[in-house]
Number of protein chains: 2
Amino acid sequence: MAVTIKDIAKRAGVSHSTVSRALRVNHLVSSETARRIRQVAQEMGYRPSAVARSLKTKRTQVLGVIVSSISDPFFGEILNGIEVSAQAGGYSLFIAASQHDPVKERQIVQTMMEQRTDGVIICSSSFSPEHGRELLSYGFPVVVVNHQGSESFNYSIYHDDVDGSSQITRHLISLGHKRIAYLGNSQSGRTTQDRLRGFLDVMSDANLEVPDSYIHHVEGGDPKLGQESVEYFTRLSTKPTAIVCFNDTLAIGVVKGCEKAGLRIPDDLSVTGFDNITYSAFTAPSLTTFDQPKFSIGQEAAQLLLDLLKAEDGIIPDTPNVKVLQGKLLVRESTGIPSED
Amino acid sequence: MAVTIKDIAKRAGVSHSTVSRALRVNHLVSSETARRIRQVAQEMGYRPSAVARSLKTKRTQVLGVIVSSISDPFFGEILNGIEVSAQAGGYSLFIAASQHDPVKERQIVQTMMEQRTDGVIICSSSFSPEHGRELLSYGFPVVVVNHQGSESFNYSIYHDDVDGSSQITRHLISLGHKRIAYLGNSQSGRTTQDRLRGFLDVMSDANLEVPDSYIHHVEGGDPKLGQESVEYFTRLSTKPTAIVCFNDTLAIGVVKGCEKAGLRIPDDLSVTGFDNITYSAFTAPSLTTFDQPKFSIGQEAAQLLLDLLKAEDGIIPDTPNVKVLQGKLLVRESTGIPSED
DNA sequence: GCAGTCAATGCACACGTGTGCATAATGAGA
DNA sequence: TCTCATTATGCACACGTGTGCATTGACTGC
């Protein structure tokens, strides 16, 4: 049985109110008794009950985080950033993975509401607008990462996927590539669409054609799927000289697939990733990718949410609703001048 | 302001007790009123307050999970397993990363205690025994993954590091290797020690010597550190023909380091990983490693904790305190017959 | 028709903490 | 010495939910 302030009160010969005050706001209690109470609390191994406190104060000091998958290194690093900011602000994290499953999503949203989380960060690349609205209508401050449905949410941290994808595409074009394909992840909703758009816009601006067969989507982000997709691309009648991959994990698979198929990178095929996860530097050859400031994205998202919580009316005067964090192109070894043919 | 059972009671013309019962145990209230109450609750968008419920029932339905690093893919997959089991059992997760930092560790332990988590899973490869005792003495059911200090904890999920490391070493010896080095991560406490021991035992049994200089530790698990360590090994006067790495992330770095140094794997040097994280199959060459059932480890850990919570006296009669999950050797391309010299 | 049984519901208190208000104690000023 | 301001402390209620006990009403068996 855990020690309560009443136990301390009895032992110290005061009322529980005095104990409560002594342990929180010391200016309302004499310094002598405060000292004694603190000592008794220490001796008895007292730990305040966050549960009881939350009930009274209507603040749980907990942030809910919804993520597609915990084991995805991209989200892992964002989570790191979120954790650091949250911990610094005295908040703990409730983390749940939706696994792209609407049923789980529903469960998670429900849990967050029941647990009376102070706010929610949505990091899931696919998240149903319906559930988002549910969170909002329940009065949760919500910060969205990944630009997912930023129209309906007030605050979001936005890494410019369109721009990043454009930069990558321009890089390939500047190397001389004309036949460039796109490998997407159909489960990543808005994000894959944005990256596709950045790619298509630049191609169109450069008057380069992208046949339908050059846009290929797989269902998930596992490297294995990237590896398998190489077969698809090599079977095309006119083969692309470069593949823009939705993200690094797919690209890592593509690199392996090429190795198996005897395709040399970048001589026979250029490959690009996206996100700059740790492992993108350790393929052979290392991946040209777009470096997203993942840790900062997480930090900023949590910080924004904390600011939002401080501003009791839910509006921060001098902060833009959408914060854009710039990434930057990282040219490594997987891209090069296309071979003549 | 959230809807409470009192609001529902007023609207439905009954007492709040009846509402409470109707929404939980329906056999104590007439089916007609129960139906009506449920409907009113639905209309008003009622969400029970887990906070208030926890205060009364002294159960939070929350498990605390302490992990070294969220972004480490090894822990990521374990977390996945934990999440699935926990969610199936109706529990939510409080996740915190210790980052091998004793100060953070202390904060986390404190938070878990204050939040009145129903139980704790420790997945951190380094976790101070002092903080562990603190959790136990506060009355937390604790399940330990990673065999970290299993002496002091009652229940643990144990992946046999000594055995795994032995198998890997025997594999190398069977290929003809005699000069084998070990690359450890000094931050991983017990785990790196166990894997080192498995290695040394087998070497000793085979009458193979391991000079001190063949045992090298780096501070962390980042692939970069593995890559840099190649320089160390190549500077040795008599070079090893194989390196047993503490885990895959270090091995991935070693593979890259060898590529940069012009060392061919496995012709010039054999390299082994440990854990079989996703990316271990995508290096060039792919890594020979020891496959840990990470997902199952997480699942079993959470399940064990749930069982522990059901058994109110904290003892499960027919369950062994330590559950061993067997992994298995995975021979891929990074190991081969040593070249003559 | 009456005692006894049982289902349905309300009352009141509890969980641990925080806080407005009242009260007691102390000191200062006239 | 009396009044008033100030400080220290206790009392009592609140937060939202769960539950033992009492009460009420209806129904069963004789």
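Just so we're on the same page: letters track the sequence lines, and every chain starts at 1.
- Between the C1' atom of D:dG16 and the CE atom of B:M44 lies a distance of 14 Å, rounded to the nearest Å.
- Residue B:V51 is classed as having no contact, given no heavy-atom separation below 4.0 Å to the nucleic acid.
- Atom pair B:R116:CZ and D:dT17:P shows a separation of 20 Å (rounding to whole Å applied).
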Determine, step by step, whether A:F140 and A:E134 satisfy the side-chain contact (heavy atoms from CB on, under 4.5 Å) criterion, reporting the C-alpha distance in whole Å, the side-chain angles of both residues, the deciding distance to 0.1 Å, and the verdict.
CA-CA 9 Å; A:F140 277 116; A:E134 202 169 354; over 6 Å; no
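- Listed pair A:T4 / C:dG16 fails the phosphate criterion, with no side-chain N or O lying under 4.0 Å from OP1 or OP2.
- Between A:L28 atom CG and D:dT6 atom P there is a gap of 15 Å when expressed in whole angstrom units.
- Between A:K56 and D:dG16, a side-chain N or O to OP1/OP2 separation shorter than 4.0 Å is absent.
- Contact annotation: A:R53 does not reach the phosphate of C:dG16 (side-chain N/O to OP1 or OP2, under 4.0 Å).
- Using a 4.0 Å heavy-atom criterion, one finds that A:S20 contacts the bases of the nucleic acid, with or without backbone contacts as well.
- Using a 4.5 Å cut-off on side-chain heavy atoms (C-beta onward), A:I5 and A:Y46 make contact.
- Contact check for A:Q110 versus A:Q107: no side-chain heavy atoms found under the 4.5 Å cut-off.
- The distance from atom NZ of A:K6 to atom P of D:dC13 is 14 Å, rounded to the nearest whole Å.
- By the 4.5 Å heavy-atom criterion applied to side chains, B:L63 and B:I82 are not counted as neighbours.
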Let's go through A:R133 and A:E130 carefully: what are the C-alpha distance in whole Å and the side-chain angles of both, what is the deciding distance for salt bridge (Lys or Arg N to Asp or Glu O under 4.0 Å) to 0.1 Å, and is it a yes or a no?
CA-CA 5 Å; A:R133 274 193 297 275; A:E130 178 204 346; over 6 Å; no
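- Of the side-chain N and O atoms in B:T18, one or more sit less than 4.0 angstrom from OP1 or OP2 of C:dG10.
- Taking 4.0 angstrom as the limit, A:R24 places a side-chain polar atom (N or O) nearer than this to OP1 or OP2 of C:dG18.
- Rounded to an integer number of Å, the gap from A:H16 NE2 to C:dG20 C1' is 13 Å.
- Rounded to whole angstrom, the span from the CG atom of A:L23 across to the C1' atom of C:dG18 amounts to 12 Å.
- To the nearest 0.5 Å, atom NZ of residue A:K294 and atom CG of residue A:N80 are 11.0 Å apart.
- Within the 4.5 Å cutoff, the side chain of B:R53 has no heavy atoms near those of the B:Q61 side chain.
- A heavy-atom distance below 4.0 Å to DNA chain D is reached by these residues of residues 30-42 of chain A, ordered by number: A:S30, A:T33.
- In terms of polar N and O atoms assigned as donor or acceptor, the side chain of B:R21 comes within less than 3.5 Å of the base of C:dG10 in a complementary pairing.
- For the residue pair A:S20 / A:S17, no side-chain donor-acceptor distance below 3.5 Å is found, with atom types taken as modelled.
- Of the candidates C:dC15, D:dG16, C:dT17, the closest approach to any side-chain atom of B:K58 belongs to C:dC15.
- If B:V29 and B:A52 are placed on DNA chain C by their nearest nucleotide, the residue sitting closer to the 5' end is B:V29.
- Atom C1' of nucleotide C:dA14 and atom CZ of B:R59 are separated by 19 Å, given to the nearest angstrom.
- Judged by distance alone with a 3.5 Å cut-off, no donor-acceptor contact links the side chain of B:T57 to the base of C:dC15.
- In terms of polar N and O atoms assigned as donor or acceptor, the side chain of B:S17 comes within less than 3.5 Å of the base of D:dT19 in a complementary pairing.
- Protein atom CG of B:L55 is 5 Å distant from nucleotide atom C1' of C:dG16, rounded to whole Å.
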